[in-house]
Amino acid sequence: KQEVTQIPAALSVPEGENLVLNCSFTDSAIYNLQWFRQDPGKGLTSLLLIQSSQREQTSGRLNASLDKSSGRSTLYIAASQPGDSATYLCAPGGDNFNKFYFGSGTKLNVKP
Amino acid sequence: NAGVTQTPKFQVLKTGQSMTLQCAQDMNHEYMSWYRQDPGMGLRLIHYSVGAGITDQGEVPNGYNVSRSTTEDFPLRLLSAAPSQTSVYFCASSQGGIQYFGAGTRLSVL
(Lines give C-alpha, C1' and ligand atoms only; values in the text may rest on other atoms or scores of the structure.)
Protein backbone atom coordinates (compact mmCIF):
# COMPACT_ATOMS: atom_id res chain seq x y z
CA LYS A 1 0.00 0.00 0.00
CA GLN A 2 1.32 3.40 -0.97
CA GLU A 3 2.17 5.63 2.01
CA VAL A 4 2.49 9.36 1.33
CA THR A 5 4.13 11.80 3.73
CA GLN A 6 4.14 15.58 3.39
CA ILE A 7 6.51 17.82 5.28
CA PRO A 8 6.00 20.29 6.85
CA ALA A 9 2.42 19.80 8.03
CA ALA A 10 2.01 23.57 8.38
CA LEU A 11 3.99 26.59 7.26
CA SER A 12 3.57 30.31 7.94
CA VAL A 13 5.69 32.77 5.97
CA PRO A 14 5.71 36.48 5.10
CA GLU A 15 4.64 37.52 1.62
CA GLY A 16 7.35 37.36 -1.04
CA GLU A 17 9.25 34.33 0.23
CA ASN A 18 10.14 31.38 -1.98
CA LEU A 19 8.82 28.09 -0.59
CA VAL A 20 9.51 24.39 -0.92
CA LEU A 21 6.89 21.81 0.03
CA ASN A 22 8.04 18.21 0.29
CA CYS A 23 6.29 14.94 -0.52
CA SER A 24 7.68 11.43 -0.13
CA PHE A 25 6.07 8.13 -1.09
CA THR A 26 6.98 4.53 -0.36
CA ASP A 27 6.16 2.78 -3.66
CA SER A 28 8.18 4.19 -6.54
CA ALA A 29 6.16 2.25 -9.15
CA ILE A 30 3.92 5.20 -9.90
CA TYR A 31 2.27 6.21 -13.15
CA ASN A 32 2.23 9.92 -12.39
CA LEU A 33 2.03 12.41 -9.51
CA GLN A 34 -0.37 15.27 -9.05
CA TRP A 35 -0.24 18.33 -6.79
CA PHE A 36 -3.53 19.83 -5.61
CA ARG A 37 -4.63 22.93 -3.78
CA GLN A 38 -7.54 22.87 -1.33
CA ASP A 39 -9.13 26.00 0.08
CA PRO A 40 -11.05 25.76 3.39
CA GLY A 41 -14.43 24.08 2.94
CA LYS A 42 -13.83 23.54 -0.77
CA GLY A 43 -12.88 20.74 -3.12
CA LEU A 44 -9.47 20.09 -4.63
CA THR A 45 -8.03 21.94 -7.59
CA SER A 46 -5.34 20.31 -9.69
CA LEU A 47 -2.18 22.44 -9.92
CA LEU A 48 0.35 20.27 -11.71
CA LEU A 49 0.53 16.75 -13.10
CA ILE A 50 3.92 15.10 -13.63
CA GLN A 51 4.13 11.91 -15.66
CA SER A 52 6.51 9.24 -14.38
CA SER A 53 8.85 9.85 -17.32
CA GLN A 54 9.16 13.56 -16.50
CA ARG A 55 11.46 15.29 -14.03
CA GLU A 56 9.49 18.49 -13.54
CA GLN A 57 6.53 20.60 -14.54
CA THR A 58 6.01 24.35 -14.34
CA SER A 59 2.94 26.54 -14.22
CA GLY A 60 3.43 30.22 -13.53
CA ARG A 61 5.08 30.63 -10.12
CA LEU A 62 4.77 26.91 -9.40
CA ASN A 63 7.35 24.27 -10.21
CA ALA A 64 7.02 20.61 -9.26
CA SER A 65 9.85 18.11 -9.49
CA LEU A 66 9.75 14.33 -9.33
CA ASP A 67 12.47 11.88 -8.36
CA LYS A 68 10.65 8.61 -8.82
CA SER A 69 13.53 6.32 -7.86
CA SER A 70 13.94 7.96 -4.46
CA GLY A 71 10.18 8.41 -3.91
CA ARG A 72 10.23 12.19 -3.63
CA SER A 73 8.50 15.19 -5.12
CA THR A 74 8.80 18.87 -4.27
CA LEU A 75 6.54 21.81 -5.02
CA TYR A 76 8.35 25.12 -5.32
CA ILE A 77 6.33 28.32 -4.98
CA ALA A 78 8.11 31.48 -6.04
CA ALA A 79 7.38 34.93 -4.60
CA SER A 80 4.54 33.74 -2.38
CA GLN A 81 1.36 35.82 -2.07
CA PRO A 82 -1.47 35.87 0.50
CA GLY A 83 -3.71 34.30 -2.15
CA ASP A 84 -1.48 31.23 -2.06
CA SER A 85 -2.74 30.45 1.45
CA ALA A 86 -4.36 27.00 1.27
CA THR A 87 -3.61 23.35 1.92
CA TYR A 88 -1.41 21.67 -0.69
CA LEU A 89 -1.83 17.96 -1.29
CA CYS A 90 0.46 15.53 -3.07
CA ALA A 91 -1.00 12.45 -4.76
CA PRO A 92 1.08 9.80 -6.55
CA GLY A 93 -0.93 7.77 -9.04
CA GLY A 94 -0.60 4.00 -8.84
CA ASP A 95 -1.65 2.69 -12.21
CA ASN A 96 -3.51 3.38 -15.41
CA PHE A 97 -6.84 3.40 -13.64
CA ASN A 98 -6.19 6.86 -12.29
CA LYS A 99 -6.05 5.72 -8.66
CA PHE A 100 -4.33 8.21 -6.43
CA TYR A 101 -3.09 8.02 -2.85
CA PHE A 102 -3.03 11.28 -0.92
CA GLY A 103 -0.76 12.76 1.68
CA SER A 104 -2.34 14.67 4.56
CA GLY A 105 -1.17 17.96 3.12
CA THR A 106 0.84 21.06 3.99
CA LYS A 107 -1.25 23.95 5.31
CA LEU A 108 0.31 27.18 4.03
CA ASN A 109 -0.36 30.64 5.45
CA VAL A 110 1.22 33.59 3.64
CA LYS A 111 1.06 36.75 5.74
CA PRO A 112 0.72 40.17 4.07
CA ASN B 1 -19.52 24.13 -17.59
CA ALA B 2 -20.60 22.09 -14.53
CA GLY B 3 -17.70 19.60 -14.19
CA VAL B 4 -18.33 17.32 -11.19
CA THR B 5 -21.50 18.00 -9.21
CA GLN B 6 -22.17 16.55 -5.77
CA THR B 7 -25.42 16.65 -3.84
CA PRO B 8 -26.27 17.31 -1.10
CA LYS B 9 -23.65 19.72 0.24
CA PHE B 10 -24.55 18.99 3.87
CA GLN B 11 -26.38 16.13 5.54
CA VAL B 12 -27.10 15.05 9.10
CA LEU B 13 -28.12 11.43 9.73
CA LYS B 14 -29.01 9.38 12.75
CA THR B 15 -27.18 6.13 13.40
CA GLY B 16 -28.71 3.34 11.34
CA GLN B 17 -30.25 5.54 8.66
CA SER B 18 -29.40 5.01 5.02
CA MET B 19 -28.77 7.57 2.32
CA THR B 20 -27.25 8.07 -1.12
CA LEU B 21 -24.67 10.70 -1.98
CA GLN B 22 -25.04 11.76 -5.59
CA CYS B 23 -22.22 12.48 -8.02
CA ALA B 24 -22.54 13.47 -11.66
CA GLN B 25 -19.98 14.59 -14.24
CA ASP B 26 -20.51 16.06 -17.69
CA MET B 27 -17.00 15.54 -19.11
CA ASN B 28 -17.59 12.01 -20.42
CA HIS B 29 -14.80 10.66 -18.20
CA GLU B 30 -14.52 6.92 -17.83
CA TYR B 31 -12.90 6.97 -14.40
CA MET B 32 -14.73 8.08 -11.27
CA SER B 33 -13.85 7.78 -7.60
CA TRP B 34 -15.19 8.42 -4.12
CA TYR B 35 -12.94 9.61 -1.29
CA ARG B 36 -13.48 10.53 2.30
CA GLN B 37 -11.44 13.22 4.04
CA ASP B 38 -10.94 13.14 7.78
CA PRO B 39 -8.91 15.67 9.81
CA GLY B 40 -5.18 14.96 9.65
CA MET B 41 -5.60 11.88 7.43
CA GLY B 42 -5.72 13.23 3.89
CA LEU B 43 -8.11 11.66 1.38
CA ARG B 44 -8.76 7.93 1.40
CA LEU B 45 -10.22 6.06 -1.55
CA ILE B 46 -13.55 4.33 -0.85
CA HIS B 47 -14.61 2.93 -4.25
CA TYR B 48 -13.77 3.63 -7.85
CA SER B 49 -15.08 2.84 -11.31
CA VAL B 50 -13.26 2.47 -14.62
CA GLY B 51 -16.41 2.69 -16.71
CA ALA B 52 -20.15 2.03 -16.77
CA GLY B 53 -20.92 -1.31 -15.14
CA ILE B 54 -17.46 -1.70 -13.58
CA THR B 55 -16.64 -0.83 -9.96
CA ASP B 56 -14.01 -1.89 -7.44
CA GLN B 57 -13.04 -1.32 -3.84
CA GLY B 58 -10.50 1.18 -2.60
CA GLU B 59 -8.78 1.46 0.79
CA VAL B 60 -11.86 1.90 3.02
CA PRO B 61 -14.91 0.29 1.33
CA ASN B 62 -16.69 -1.16 4.37
CA GLY B 63 -20.15 0.30 4.97
CA TYR B 64 -20.43 1.76 1.45
CA ASN B 65 -21.89 0.53 -1.82
CA VAL B 66 -21.57 1.94 -5.32
CA SER B 67 -22.94 1.29 -8.78
CA ARG B 68 -22.24 2.78 -12.19
CA SER B 69 -25.16 2.37 -14.56
CA THR B 70 -24.18 5.34 -16.75
CA THR B 71 -20.93 7.15 -17.57
CA GLU B 72 -22.25 10.33 -15.97
CA ASP B 73 -23.42 9.12 -12.55
CA PHE B 74 -21.63 7.40 -9.68
CA PRO B 75 -23.76 7.37 -6.49
CA LEU B 76 -22.37 6.31 -3.09
CA ARG B 77 -24.76 4.51 -0.74
CA LEU B 78 -24.47 4.30 3.03
CA LEU B 79 -26.52 1.29 4.03
CA SER B 80 -26.64 1.82 7.80
CA ALA B 81 -24.89 5.00 8.88
CA ALA B 82 -22.46 4.91 11.81
CA PRO B 83 -20.77 7.81 13.68
CA SER B 84 -17.43 6.64 12.22
CA GLN B 85 -18.75 7.67 8.81
CA THR B 86 -18.87 11.33 9.84
CA SER B 87 -16.58 12.90 7.26
CA VAL B 88 -16.35 15.02 4.15
CA TYR B 89 -16.94 13.01 1.00
CA PHE B 90 -15.47 13.92 -2.36
CA CYS B 91 -16.28 12.54 -5.77
CA ALA B 92 -13.76 12.83 -8.59
CA SER B 93 -13.63 12.01 -12.26
CA SER B 94 -10.44 11.65 -14.21
CA GLN B 95 -9.06 11.26 -17.68
CA GLY B 96 -5.46 11.22 -18.78
CA GLY B 97 -4.36 11.17 -15.16
CA ILE B 98 -5.87 14.53 -14.24
CA GLN B 99 -8.48 14.39 -11.50
CA TYR B 100 -11.41 16.81 -11.22
CA PHE B 101 -13.12 17.05 -7.87
CA GLY B 102 -16.59 18.00 -6.77
CA ALA B 103 -17.12 20.51 -3.96
CA GLY B 104 -17.80 17.76 -1.41
CA THR B 105 -20.60 16.56 0.87
CA ARG B 106 -20.17 17.21 4.59
CA LEU B 107 -21.88 14.34 6.46
CA SER B 108 -22.53 14.11 10.19
CA VAL B 109 -23.85 10.91 11.75
CA LEU B 110 -25.26 11.34 15.25
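Here the structure is a predicted model, which means the values were calculated and not measured. Chain letters run A, B, ... following the sequence lines, proteins first, then strands; residues in each count from 1.
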Heavy-atom pair count under 4.5 Å with chain A, highest-scoring of B:P39, B:G42, B:G102 =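 Among the listed options, the one with the most contacts to chain A is B:G42.
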Ignoring hydrogens and angles, tell me if any N or O in the side chain of A:E56 forms a donor-acceptor pair with the backbone of A:L66 under 3.5 Å.
->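 No: the side chain of A:E56 does not pair with the backbone of A:L66.
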Test item: side-chain donor near acceptor, [X] and [Y], under 3.5 Å:
| X | Y | value |
| --- | --- | --- |
| A:Y76 | A:R61 | no |
| A:N63 | A:Q57 | no |
| A:T74 | A:S65 | yes |

Which residues in residues 37-48 of chain A have a heavy atom less than 4.5 Å from any heavy atom of chain B?
-> A:Q38, A:G41, A:K42, A:G43, A:L44, A:S46
Chain A heavy atoms under 4.5 Å from [X]: which part of the residue, side chain, backbone, both or neither?
| X | result |
| --- | --- |
| B:Q37 | side chain |
| B:L43 | both |
| B:R106 | side chain |

Centroid-centroid under 6.0 Å between A:F100 and B:Y35 rings | no
Between B:H47 and B:F74, does the ring centroid distance fall short of 6.0 Å?
-> no
Tell me, please, which residues at least two apart from B:E59 pass salt bridge (Lys or Arg N to Asp or Glu O under 4.0 Å).
->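 Counting only residues at least two positions away or on another chain, B:E59 forms a salt bridge (Lys or Arg N to Asp or Glu O under 4.0 Å) with A:K1.
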side-chain contact (heavy atoms from CB on, under 4.5 Å) with A:L75: which of A:N22, A:L21, A:L89, A:V20?
->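 Exactly one pass, corresponding to A:L21.
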A:Q51 portion near chain B, given a 4.5 angstrom heavy-atom threshold =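 It is the side chain, since no backbone atom gets that close.
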